[in-house]
Amino acid sequence: MKKHAIIPVFIPHKGCPNDCVFCNQKKITARSSNVTMSEVRNTIETYLSTLEGSSVETIEVAFFGGSFTGIPMEEQSAFLSVAKEYKDSGRIDKIHMSTRPDYINEEILDNLKRYDADTIELGVQSFDDEVLKRAGRGHNSQVVYESSRLIKDYGFQLGIQLMVGLPGDTMEKAVYSARETVKIGPSIARLYPTIVINDTELYNMYMRGEYQPLTQDEAIVRTKAMYEIIDEAGIKIIRVGLKSSDLINENGEISGNTYHPAFRQLVEGEIARERVEKQLMELGLNEIPVNIHRPVKVDIFSCPESFSNLVGHKAANKTYLQAKYPNLSFAFRTDKSIDNNRYKVMIKENQ
């Protein structure tokens, strides 16, 4: 049962004079014209026609696509007033927006309070000042700490978005960004591997040989390290990788083989495999002599929501484990009592 649904309202490139090297909002949102209030209402109504009466517990209207708090205050208020009407009537539960860390101040937050907004996500990208500079962000990391403190002091739910593999980024810097995120203590986080989108400065850097995108394996390794740090701190990771069919035109708009539609499952599948193998070693099952006639039967459990990660993308984990441990006969099962992204290995009784 889906518990949470977001109604996305895209405001392309509004409020953001900065052209970060990785960004081309026209490519990301597939439109460049202004969004009218009637379009906002139509978007909300279209989604609600499916969501109302369903089993979804929480419905959010979320303003994405640009730096929401950077647009003129009267425009912010106009968008927020529409969302607030739906919240006041009980048809939606929360109001959500994304913005830049340097577009947060008390006046902005006072206005967001006035319209009963709930969640503010900051596009932090990195806590390393050199990475921020090379990405063309136009601010340093200190702004992130200041804006995060203000948002939390005002009682909003804070979200932090990080990117993996920007120019100048390294594994050490990625891990540092994850640890600094934990120190700030947001409620939610997103992790995005850097994608080379055509008609961006990053694309030009790539074509000139000045920037090399991470390979898929490198992106998984770095993202996995960040994921585990943030996840272990109890911060909910609501997105890993771009959700793309509706956000990116895959036919000629991205370059460098940096995009994968199931990137989150690739990352979480790797984590699942490592956690399972650790338990196999702790139980000494990796040292059992091979006996193909009487393999030891082993049950591996996950909650239903994590079962696809346990098995792996295209059953990669299942294939891997069966090939590496021919002395074991695996059965993959679900157990609702197990936490998400946690796994339990047990030797089957009555061998």
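For the atom pair D169 CG and L162 CG, the distance stands at 10.0 Å (nearest 0.5 Å).
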Where do D118 and K87 land on the salt bridge (Lys or Arg N to Asp or Glu O under 4.0 Å) test, with the steps shown first?
CA-CA 11 Å; D118 299 278; K87 186 175 181 182; 2.8 Å; yes

Do L280 and L328 pass the side chain to side chain contact (heavy atoms under 4.5 Å, CB included) test, and can you show the C-alpha distance, the side-chain angles, and the key distance before you say yes or no?
CA-CA 10 Å; L280 290 175; L328 306 178; 4.1 Å; yes

Given side chain to side chain contact (heavy atoms under 4.5 Å, CB included), test L166 with Q125 step by step and report yes or no.
CA-CA 8 Å; L166 286 168; Q125 321 315 1; 4.0 Å; yes

Step by step, work out the side chain to side chain contact (heavy atoms under 4.5 Å, CB included) result for K173 and F127.
CA-CA 8 Å; K173 292 178 179 181; F127 281 83; over 6 Å; no

Using the rule given for side chain to side chain contact (heavy atoms under 4.5 Å, CB included), can you reason through Y145 versus I184, listing the C-alpha separation, both sets of side-chain angles and the distance that settles it, and then say yes or no?
CA-CA 7 Å; Y145 300 100; I184 286 175; 3.8 Å; yes

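Using a 4.5 Å cut-off on side-chain heavy atoms (C-beta onward), I160 and R190 make no contact. No side-chain heavy atom of I95 sits under 4.5 Å from any side-chain heavy atom of E60. Taking the side chain as every heavy atom from C-beta outward, L80 and M97 approach each other to under 4.5 Å. Two residues are said to be in side-chain contact when any heavy atoms from C-beta on lie closer than 4.5 Å; V35 and F10 fail this criterion. Side-chain contact between Y47 and V61: absent, with no pair of heavy atoms (C-beta onward) separated by less than 4.5 Å. Using a 4.5 Å heavy-atom threshold, the side chains of V143 and P101 count as touching. A heavy-atom distance below 4.5 Å is not found between the side chains of S147 and D102. R100 places a side-chain heavy atom less than 4.5 Å from the side chain of C20.
Side chains of E45 and Y86: a donor-acceptor N/O pair is present below 3.5 angstrom, by distance only. Between Y154 and D110, the side chains place a donor N or O and an acceptor N or O closer than 3.5 Å (distance only, hydrogens not considered). A side-chain N or O of N111 and one of S77 form a donor-acceptor pair less than 3.5 Å apart. When only modelled atom types and interatomic distance are considered, Y206 and N198 share no side-chain donor-acceptor pair under 3.5 Å. The closest side-chain donor-acceptor pair between H4 and E57, if any, does not fall under 3.5 angstrom. There is no side-chain donor-acceptor pair under 3.5 Å between Y343 and E274. In this model, a donor atom of one side chain and an acceptor atom of the other lie less than 3.5 Å apart for S337 and D335.
A distance-only check finds no donor-acceptor pair linking the side chain of K94 to the backbone of T119 [under 3.5 Å]. The main-chain N or O of I71 is found under 3.5 Å from a side-chain atom of Q76 such that the two form a donor-acceptor pair. A donor-acceptor pair under 3.5 Å is formed between the side chain of T194 and the backbone N or O of V164. Formation of a donor-acceptor pair under 3.5 Å by the S306 side chain with backbone atoms of C303 is not found in this model. Side chain of S67 to backbone of T69: no donor-acceptor contact under 3.5 angstrom is found. A donor-acceptor pair under 3.5 Å is formed between the side chain of N327 and the backbone N or O of L285. No donor-acceptor distance shorter than 3.5 angstrom exists from the side chain of E201 to the backbone of F22, with no hydrogens or angles considered. Although no hydrogens or angles enter the test, the distance criterion places no donor-acceptor pair under 3.5 Å between the side chain of Q322 and the main chain of N317. Checking side-chain atoms of N42 against main-chain N and O of S38 turns up a donor-acceptor pair under 3.5 Å. Checking side-chain atoms of R137 against main-chain N and O of D129 turns up no donor-acceptor pair under 3.5 Å.
Under the 4.5 Å side-chain contact rule for hydrophobic residues, I92 and V56 share a cluster. With hydrophobic clusters built from ILVMFWY side chains whose heavy atoms lie under 4.5 angstrom apart, I7 does not share a cluster with I188. Placement of L150 and M73 within a single hydrophobic cluster is found when ILVMFWY residues are connected by side-chain heavy-atom separations under 4.5 Å, directly or transitively. In the hydrophobic clustering of ILVMFWY residues, with side-chain heavy atoms under 4.5 Å counting as a link, M346 and M281 come out apart. A single hydrophobic cluster is not seen to contain both L191 and I238; linkage of ILVMFWY side chains at heavy-atom distances under 4.5 Å, directly or through other members, places them apart.
Ion pairing between a basic and an acidic side chain is recognised when a charged N comes within 4.0 Å of a carboxylate O; R149 and D153 show such pairing. Between E305 and K3 there is no salt bridge, since no side-chain N of the basic residue sits under 4.0 Å from a carboxylate O of the acidic one. Salt-bridge annotation for E85 and R41: present, with a side-chain N of the basic residue lying under 4.0 Å from a carboxylate O of the acidic one. A salt bridge between E130 and K133 is absent, with no side-chain N of the basic residue lying under 4.0 Å from a carboxylate O of the acidic one. Between E268 and R264 there is a salt bridge, with a side-chain nitrogen of the basic residue lying less than 4.0 Å from a carboxylate oxygen of the acidic one. A salt bridge links D88 with K84: the closest approach of a Lys/Arg side-chain nitrogen to an acidic carboxylate oxygen falls below 4.0 angstrom. Ionic pairing of E228 and R275 is present here: one or more N-O contacts between side-chain nitrogen and carboxylate oxygen are shorter than 4.0 angstrom. With respect to E232 and R342, a salt bridge is recorded, a charged nitrogen being found less than 4.0 Å from a carboxylate O.
In this structure, R273 is positioned above the aromatic face of Y320, its NZ or CZ under 6.0 Å from the six-membered ring centre and within 45° of the axis. With a 6.0 Å cutoff to the six-membered ring centre and a 45° limit on the axis angle, K344 counts as a cation-pi contact of F301.
Ring centers of Y103 and F68: at least 6.0 Å apart, outside the cut-off.
Residues passing the salt bridge (charged side-chain N to carboxylate O under 4.0 Å, His left out) test with R333 are D299, sequence neighbours excluded. For D93, there are no salt bridge (charged side-chain N to carboxylate O under 4.0 Å, His left out) partners two or more places apart in sequence or in a different chain.
Checked against E270 for a side-chain contact (heavy atoms from CB on, under 4.5 Å), the options T223, I220, N309 give a single hit: I220. Applying ring-ring contact (aromatic ring centres under 6.0 Å, His included) to H96 and the options F63, F156, F64 leaves one that passes, F64.
Residues A189 and I230 approach most closely at CB-CG2, 4.2 Å, considering heavy atoms.
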